[in-house]
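Have a look at the structure below before the remarks.
Just so you know, these numbers use all the heavy atoms, side chains as well, and skip hydrogens, waters and symmetry mates. Just follow the structure's listing: the first ligand is 1, and inside any ligand the first atom is 1.
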Amino acid sequence: MFEKPIYTTRPLLPDKSAMLELFSEVYDSKWLTNMGKQHQLLEQELCEHLEIDNISLINNGTLALIIALKALNLPANSEVITTPFTFAATPHSIVWAGLKPVFADIDDSMTLCPKAIEAAITPTTRAILAVHVYGFPCDVEAIDKIAKKYDLKVIYDAAHAFSTRIYGQPITDSGDITMLSFHATKLFNSIEGGALVCKSVNLQDKIYELRNFGIQKISSNKAKEGIKAGDFVNEIGINGKMNEFQAVWGRLTLRQVAEEQVLRGKIAQIYKEAFSDIPTIFIPKMPAHVTNSRQYFPVFIKGSRDEVYNILLQHNIVCRKYFYPLCSDFGCYAQLPSSAKDNLSNAHELANQVLCLPFYSEILLDESVYKICKIIRGALGENG
Ligand SMILES: *Cc1c(COP(=O)(O)O)cnc(C)c1O
């Protein structure tokens with residue numbers, strides 16, 4: 001049994017003295033929020049890191065999703081097709097944006113099944129909110145085709161897919177808008193935080209305004225005409241701004257992300273080797289053309305997932321059953337027709353088997369990963 005609990009993940013922490021130095025700079029500047037210097041630097045540094053042209057920081061990923069949906073200007077109560085195999089924030093954001101979630105089943109990729117999406121389309125469907133769950137990309141080509149055919153907007157929840165690339169291209173290239181989460185539990189964190197990435201300049205401007213109460217963004221042309229920011233509020237925006245202290249935190253942890261991914265890659269290798277001879281545990285394989293974000297290490301255990309989970313708990317290893325129960329089984333969604341169990345059979349099967357194992361560099365550096373492997377093997381009924 002471990003003395004201190006082992007969790008599924010632990011946050012990256014910045015170097016303390018570098019953090020205090022930058023905190024002190026922000027303190028002295030008296031500019032604490034409202035797209036300040038640190039905010040601008042973090043946006044720039046994220047663009048460089050992700051090799052993208054534009055990013056809009058938001059104060060958390062959930063609000064980023066809501067703002068993304070709002071930016072698309074869909075008619076009230078439009079249906080948005082989404083996956084039940086995700087965190088609560090995904091369907092919640094649809095409802096907070098005044099729209100209706102419709103659940104469709106996933107396939108072996110753990111992400112939305114294109115056929116199930118197409119079958120769920122009705123005359124009031126206007127968008128698809130798909131999730132690159134655990135960093136496994138959705139079938140972005142098939143979803144793109146469906147979106148074109150039925151004139152639907154596409155938003156990707158890439159909370160787990162920080163820096164993921166498909167055939168070398170940033171995953172944020174797909175769809176109309178992609179959301180990133182920088183919550184403390186995510187690979188890259190700014191304590192709380194998130195962002196939206198999109199190519200359309202119109203959408204970028206709209207997002208800029210929506211996160212700042214709807215105050216109109218003043219282009220240099222308008223400025224020449226003497227129009228000042230704050231003169232016009234044409235939209236019901238919200239306060240989605242990230243403050244300067246969190247931007248500092250993000251700037252510093254960003255520098256550690258690549259190394260953390262390498263170390264987590266080594267942990268993944270150790271897990272794979274440790275369980276390679278056990279038929280009851282299945283480890284999903286990232287396709288060769290995709291870079292792995294290393295957000296989570298999900299495994300699927302047939303039949304005895306809860307038993308294994310409980311044995312690990314007795315050893316003070318606190319794993320997470322992400323994503324069990326399914327969002328469609330939450331009290332607030334269970335009554336939806338699309339939440340019917342036979343509509344979501346693959347999602348139910350995976351949710352009943354999934355377990356996210358401890359996955360952060362500390363367990364490699366202190367070598368506890370080997371003990372964790374041994375305990376998991378024991379829990380699966382294997383000796384030695
Ligand atoms: C974490 C997460 C979110 C929400 O992000 P926050 O920054 O915590 O608001 C949304 N979707 C998924 C799949 C997540 O894991």
Side-chain angles (χ1 to χ4, degrees), residues 7-12 42 46 55-70 80-97 99 101 103-104 106 109-112 127-138 154-164 171-172 174-175 177-197 207 210-211 238-243 246-247 249-250 253-254 293-298 319-328 330 332-333 347 350-351 354 356 359-360:
Y7 296 104
T8 291
T9 189
R10 302 262 74 194
L12 276 181
L42 178 56
L46 280 166
I55 193 165
S56 309
L57 287 175
I58 313 275
N59 53 12
N60 63 65
T62 306
L63 200 54
L65 275 179
I66 295 169
I67 289 174
L69 287 159
K70 281 282 186 189
V80 179
I81 296 171
T82 194
T83 167
F85 195 59
T86 183
F87 184 57
T90 315
H92 284 359
S93 67
I94 297 172
V95 180
W96 276 85
L99 306 163
F103 293 111
I106 56 177
S109 72
M110 303 177 282
T111 66
L112 273 175
I128 300 165
L129 173 47
V131 180
H132 303 304
V133 74
Y134 315 124
F136 284 76
C138 300
V154 179
I155 296 178
Y156 284 109
D157 177 335
H160 305 167
F162 186 80
S163 78
T164 295
I171 197 162
T172 52
S174 308
I177 310 179
T178 297
M179 179 282 282
L180 300 167
S181 166
F182 307 150
H183 182 257
T185 53
K186 302 305 199 285
L187 170 74
F188 163 63
N189 87 88
S190 59
I191 308 176
E192 292 272 3
L196 293 175
V197 180
I207 289 163
L210 283 172
R211 81 169 167 199
I238 197 155
N239 183 354
K241 292 176 272 109
M242 180 184 286
N243 69 60
Q246 285 177 239
W249 188 281
T253 53
L254 184 59
S293 64
R294 308 291 182 196
Q295 169 66 56
Y296 288 116
F297 194 86
C319 289
R320 302 301 297 256
K321 301 176 193 176
Y322 289 141
F323 289 97
Y324 170 89
L326 295 173
C327 292
S328 47
F330 294 167
C332 46
Y333 300 120
L350 291 188
V354 72
C356 284
F359 202 44
Y360 49 99

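Between L326 and F85 there is a side-chain heavy-atom pair separated by less than 4.5 Å. V197 has its side chain within reach of L180: a pair of non-hydrogen atoms, C-beta onward, lies under 4.5 Å apart. Using a 4.5 Å heavy-atom cutoff, the side chains of I55 and L196 are not in contact.
Near T86, meaning under 4.0 Å from one of its heavy atoms, ligand 1 places the atoms 13 (C). Close contacts of ligand 1 with N60, meaning ligand atoms under 4.0 Å from a residue heavy atom, involve 7 (O), 9 (O). Applying the 4.0 Å criterion to heavy atoms of T90 picks out, from ligand 1, the atoms 11 (N). Listed by number with element, the atoms of ligand 1 under 4.0 angstrom from any heavy atom of K186 are 1 (C), 2 (C), 14 (C), 15 (O). Heavy-atom contacts of G193 reach the following atoms of ligand 1: 7 (O) (cutoff under 4.0 Å).
Among all heavy-atom pairs drawn from G250 and L42, the shortest one is C-CD1, 3.9 Å.
For ligand 1, the polar-atom distance check finds no N/O of V131 at less than 3.5 Å from any of the ligand's N/O atoms. Not a single N or O atom of H183, backbone or side chain, sits closer than 3.5 Å to an N or O atom of ligand 1.
The protein heavy-atom contact nearest to atom 15 (O) of ligand 1 is H160 NE2, 2.8 Å. The protein heavy atom nearest to atom 11 (N) of ligand 1 is D157 OD2, 2.7 Å. Among all non-hydrogen protein atoms, the one lying nearest atom 5 (O) of ligand 1 is S181 OG, 3.2 Å. Distance from atom 9 (O) of ligand 1 to its nearest protein heavy atom, with residue and atom name: T62 OG1, 2.6 Å.
When ring centroids are compared, H183 and F188 stay outside the 6.0 Å threshold. Ring-centre distance between Y296 and H132: not below the 6.0 Å cut-off.
Not a single heavy atom of E192 lies less than 4.0 angstrom from ligand 1.
The main-chain N or O of T86 is never found under 3.5 Å from a side-chain atom of T90 such that the two would form a donor-acceptor pair.
Dense packing is recorded around NZ of K186, with more than 12 heavy atoms of other residues, nucleotides or ligands lying under 6.0 Å away.
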